[in-house]
Amino acid sequence: MKMVKANVKDIYRKTEKFMGQDVKISGWVRTIRASNAFGFIELNDGSFFKNIQVVFESSLENFKQVADLGTGSAVKVSGTVIESEGAKQPFEIKAKQVAVVGEADEDFPLQKKRHTFEYLRTIAHLRPRTNAFSAVFRVRSLVAYAIHKFFNERGFVYVHTPIITGSDCEGAGEMFKVSTLDFHKIPKTSDGRIDFSKDFFGKETNLTVSGQLAVENFCVAFRNVYTFGPTFRAENSNTQRHASEFWMIEPEIAFADIFDDMDLAEEMMRYIIDFVLENAPEEMEFFNNFIDKGLLERLDLVLNSEFARITYTEAVELLEKSKKQFEYPVKWGADLQTEHERYLTEDLLKKPVFVYDYPKDIKAFYMRLNDDDKTVAAMDLLVPGVGEIIGGSQREERYDKLLQRIEEMGLDKDDYWWYLDLRRYGTNPHAGFGLGFERAIMYITGMQNIRDVIPFPRTPKNAEF
RNA sequence: UCCUCGUUAGCUCAGUCGGUAGAGCGGGUGGCUGUUAACCACUAGGUCGGCGGUUCAAGUCCGUCACGAGGAGCCA
């Protein structure tokens with residue numbers, strides 16, 4: 001009989017075609033159980049979330065070697081796909097040959113038992129070989145694809161905004177410096193300041209904290225655009241939903257207002273959830289069973305109901321009416337605290353909610369001033385379990401108003417000359433938002449810590465690997 | 001950065017009133033003819049996070065530092 005190369009995903013998806021066939025597969029041992037007459041290998045070949053069971057018998061010339069293999073070892077197997085006698089799997093491979101490709105040393109740290117996520121973070125180079133991380137990173141890849149697919153199908157142009165930015169005027173917090181200066185011999189100007197004219201770019205440069213200001217320029221040319229790339233924040237944030245390096249998706253749409261913006265965000269969220277449920281059913285079932293029991297029910301609800309939309313003022317009223325005791329009091333004009341946001345989305349409304357029209361004093365300079373002169377057309381999308389997942393706004397397209405806001409906030413208008421130019425040459429109402437990619441993954445998988453949805457997370461005091 | 005909690009075998013943890021260290025899993029050896037975190041027996045494995053203090057005596061009490069986690073702020 002002819003031996004065909006196969007992968008585990010195909011055998012699961014097209015079982016009929018493979019039943020009775022001789023196949024060659026290769027992969028890594030997840031667990032092994034052996035007696036002195038036969039044994040079982042659970043093999044993962046990387047093509048699929050699930051493992052395939054390989055049965056091997058003492059008739060193999062290297063039976064002893066195979067039976068002694070440790071978890072993690074790499075093997076090649078040839079054998080026949082047959083129906084399984086065991087109850088837990090519909091089929092298995094009866095081995096004719098098992099070649100040991102790479103043994104795993106006996107101190108391979110992953111055991112066939114539950115490990116804590118904290119421990120697995122210390123072995124981030126090995127954790128992709130666990131069930132949970134296999135599922136997380138398969139879903140992460142799918143969500144990235146779904147996002148590109150969503151925007152591409154709607155005619156959006158994908159723009160690569162710079163990673164290294166030339167000014168610190170992006171206004172979203174502490175930035176990482178980019179420099180080739182010798183830290184031990186920093187050139188100074190005559191008044192004692194660092195002489196950046198001697199630096200690589202001849203000026204002070206940083207890693208980007210947002211592609212928004214840059215992508216707005218492309219919005220005016222291509223109408224509907226988005227960025228999808230890494231973002232860096234040098235904030236000393238120590239929470240389960242902050243990382244120093246993360247990925248962000250930032251669409252920007254022309255001739256659009258804050259409501260168009262919310263429509264787009266809602267449609268996008270629904271699209272990617274639907275796509276993942278469709279294309280990663282095994283992974284999603286795993287998350288629902290082992291990570292977050294209510295996950296599938298919650299995502300179903302999102303697919304089948306409208307997101308709530310309330311203004312900041314209404315949110316404040318709702319919170320005041322609730323009579324709930326908060327650690328921080330609710331007050332119009334103050335930003336909503338995390339406890340307020342969570343109560344809104346998790347207890348009061350129990351679904352994703354857009355809060356929009358925030359007081360201007362707590363929001364960024366570029367957000368469009370509403371007619372009441374007190375609020376700006378900003379919106380946050382809050383979701384149960386994660387909190388703020390999207391932040392966006394309609395942008396101030398009126399030159400005079402924008403200039404006024406820049407000055408009110410004590411910023412230097414010269415830093416924004418090209419951003420202001422947009423309001424002089426064919427200005428138009430436009431809007432956009434930033435979706436935290438990892439926060440979306442957390443929401444979709446039920447994973448509770450951002451460090452566990454990034455391959456090699458960077459957080460304060462941690463850049464190992 | 002602030003508050004709280006934690007750090008004991010490779011991993012997950014227990015350790016009472018202060019009296020010199022335990023279990024399960026994993027590893028090793030042997031056994032077992034359909035396993036499913038296989039099972040059974042035996043076995044090796046410890047600077048109790050670091051430093052300092054109190055005490056006859058510290059894993060245990062106190063101080064301090066490091067690291068980790070949760071919460072807050074910042075935000076995506």
Side-chain angles (χ1 to χ4, degrees), chain A residues 30-42 51 53-59 67-68 70-72 82-89 92 94 104-123 126 131 170-174 209-212 228 230-250 265 326-328 334-342 362-364 378 380-383 386-392 433-443 448-454 459-462 464:
Chain A
R30 281 292 177 80
T31 111
I32 198 158
R33 297 176 287 273
S35 69
N36 58 11
F38 56 86
F40 304 91
I41 299 172
E42 272 184 52
N51 308 318
Q53 175 162 285
V54 174
V55 193
F56 61 99
E57 297 186 335
S58 56
S59 53
D68 283 347
T71 302
I82 58 170
E83 283 185 24
S84 179
E85 293 174 36
K88 295 212 175 168
Q89 58 281 319
E92 63 195 15
K94 188 168 161 60
D105 287 356
E106 68 200 32
D107 62 352
F108 185 67
L110 294 173
Q111 301 173 13
K112 41 187 162 187
K113 67 162 197 171
R114 249 189 67 87
H115 284 105
T116 60
F117 286 124
E118 289 169 46
Y119 172 62
L120 292 171
R121 274 171 222 151
T122 69
I123 49 168
L126 301 175
N131 286 333
E170 291 184 359
E174 291 297 306
V209 294
S210 163
Q212 181 205 318
F228 186 167
T231 309
F232 308 87
R233 305 261 169 102
E235 237 102 53
N236 192 9
S237 295
N238 294 287
T239 81
Q240 33 171 213
R241 59 186 194 287
H242 288 88
S244 313
E245 176 183 291
F246 63 99
W247 286 59
M248 188 155 65
I249 295 96
E250 296 175 285
F326 294 108
E327 193 184 338
Y328 295 88
D335 211 351
L336 297 178
Q337 300 288 316
T338 297
E339 57 172 342
H340 304 147
E341 295 183 341
R342 293 187 74 110
I362 58 173
K363 288 293 180 181
D380 285 349
L381 176 62
L382 313 176
V383 297
V386 180
E388 184 178 342
I389 198 171
I390 282 176
F433 62 81
L435 167 70
F437 183 57
E438 284 77 14
R439 290 190 184 174
I441 305 298
M442 290 167 73
Y443 181 57
Q448 289 186 347
N449 197 309
I450 197 167
R451 302 169 181 100
D452 298 325
V453 298
I454 305 181
T459 52
K461 297 274 186 294
N462 184 9
E464 191 66 47

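Just so we're on the same page: letters track the sequence lines, and every chain starts at 1. These numbers come from the heavy atoms of this one structure, side chains and all, not from hydrogens, waters or symmetry mates.
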**Q.** Whichever of Asp68(A) and Tyr119(A) has its nearest RNA chain B nucleotide further upstream toward 5'
**A.** Tyr119(A)
Q: For Ile362(A) and for Asn449(A), locate the closest nucleotide of RNA chain B by heavy-atom distance; then report the residue assigned to the nucleotide nearer the 5' terminus.
A: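 Counting from the 5' end, the first nearest nucleotide belongs to Asn449(A).
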**Q.** Ring centroids of Phe437(A) and A76(B) base under 5.5 Å with planes under 30°
**A.** no
So, is [X] close to the [N] phosphate, meaning a side-chain N or O under 4.0 Å from OP1 or OP2?
{"X": "Gln337(A)", "N": "G73(B)", "result": "yes"}
{"X": "Asn36(A)", "N": "G31(B)", "result": "no"}
{"X": "Asn238(A)", "N": "U1(B)", "result": "no"}
{"X": "Arg121(A)", "N": "C67(B)", "result": "no"}
{"X": "Thr116(A)", "N": "U12(B)", "result": "yes"}

Any sub-3.5 Å donor-acceptor pair from [X]'s side-chain atoms to [Y]'s backbone N or O?
{"X": "Glu42(A)", "Y": "Asn51(A)", "result": "no"}
{"X": "Glu339(A)", "Y": "Glu327(A)", "result": "yes"}
{"X": "Glu92(A)", "Y": "Ile82(A)", "result": "no"}
{"X": "Ser237(A)", "Y": "Thr239(A)", "result": "no"}
{"X": "Glu235(A)", "Y": "Glu174(A)", "result": "yes"}
{"X": "Arg121(A)", "Y": "Asp452(A)", "result": "no"}
{"X": "Asn449(A)", "Y": "Arg451(A)", "result": "yes"}

Looking at the side chain of [X], which of [options] is the nearest nucleotide?
{"X": "Phe246(A)", "options": "A76(B), A72(B), C75(B)", "value": "A76(B)"}
{"X": "Glu235(A)", "options": "A69(B), A76(B), C74(B)", "value": "C74(B)"}
{"X": "Asp335(A)", "options": "C67(B), C75(B), G10(B)", "value": "C75(B)"}

Q. Does the pair Phe108(A) and Leu126(A) meet the rule for a side-chain contact (heavy atoms from CB on, under 4.5 Å), with working shown?
A. CA-CA 9 Å; Phe108(A) 185 67; Leu126(A) 301 175; 4.2 Å; yes
Quick one: the side chain of [X] and the base of [N], do they pair up donor-acceptor inside 3.5 Å?
{"X": "Ser237(A)", "N": "C75(B)", "result": "no"}
{"X": "His115(A)", "N": "C11(B)", "result": "no"}
{"X": "Gln111(A)", "N": "G10(B)", "result": "yes"}

(Q) Any base atoms under 4.0 Å from Ile390(A), or only sugar-phosphate, or nothing? Heavy atoms, all strands. (A) sugar-phosphate
Could you run down the sub-3.5 Å N/O contacts of the protein with nucleotides 35-39 of chain B?
residue : atom : partner   : partner atom : Å
U35(B)  : O2'  : Arg33(A)  : NE           : 3.1
U35(B)  : O2   : Arg33(A)  : NE           : 2.8
U35(B)  : O2   : Arg33(A)  : NH2          : 2.9
U35(B)  : N3   : Gln53(A)  : OE1          : 3.0
U35(B)  : N3   : Gln53(A)  : NE2          : 3.1
U35(B)  : O4   : Gln53(A)  : NE2          : 2.7
U35(B)  : O4   : Gln89(A)  : NE2          : 3.0
U36(B)  : O2'  : Lys88(A)  : NZ           : 2.6
U36(B)  : O2   : Gln89(A)  : OE1          : 3.3
U36(B)  : N3   : Gln89(A)  : OE1          : 3.3
U36(B)  : N3   : Gln89(A)  : NE2          : 3.4
U36(B)  : O4   : Ala87(A)  : N            : 3.1
A38(B)  : OP1  : Lys112(A) : NZ           : 2.7
A38(B)  : OP2  : Arg33(A)  : NH1          : 2.9

Q: Syn or anti for U54(B), please, going by whether the chi angle lies within 90° of 0.
A: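 Because its glycosidic torsion lies more than 90° from 0, U54(B) adopts the anti conformation.
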Taking [M] as the reference, what is the distance to [N] when you measure between their [atom1] atoms (whole Å, please)?
{"N": "C13(B)", "M": "C17(B)", "atom1": "C1'", "answer": "23 Å"}
{"N": "G59(B)", "M": "C65(B)", "atom1": "P", "answer": "23 Å"}
{"N": "G46(B)", "M": "C2(B)", "atom1": "C1'", "answer": "36 Å"}
{"N": "G53(B)", "M": "U60(B)", "atom1": "P", "answer": "14 Å"}

Q.
Expressed as a whole number of angstroms, how long is the span from Tyr443(A):OH to A76(B):C1'?
A.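 About 16 Å, once rounded to whole Å.
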Q. Which stems does RNA chain B form, counting runs of 3 or more consecutive Watson-Crick or G-U wobble pairs with both distances under 3.5 Å?
A.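 So the stems come out as B:1-7 with B:66-72, B:10-13 with B:22-25, B:27-31 with B:39-43, B:49-53 with B:61-65.
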Q: Could you tell me whether Lys94(A) and Glu57(A) have a side-chain N and a carboxylate O separated by less than 4.0 Å?
A: yes
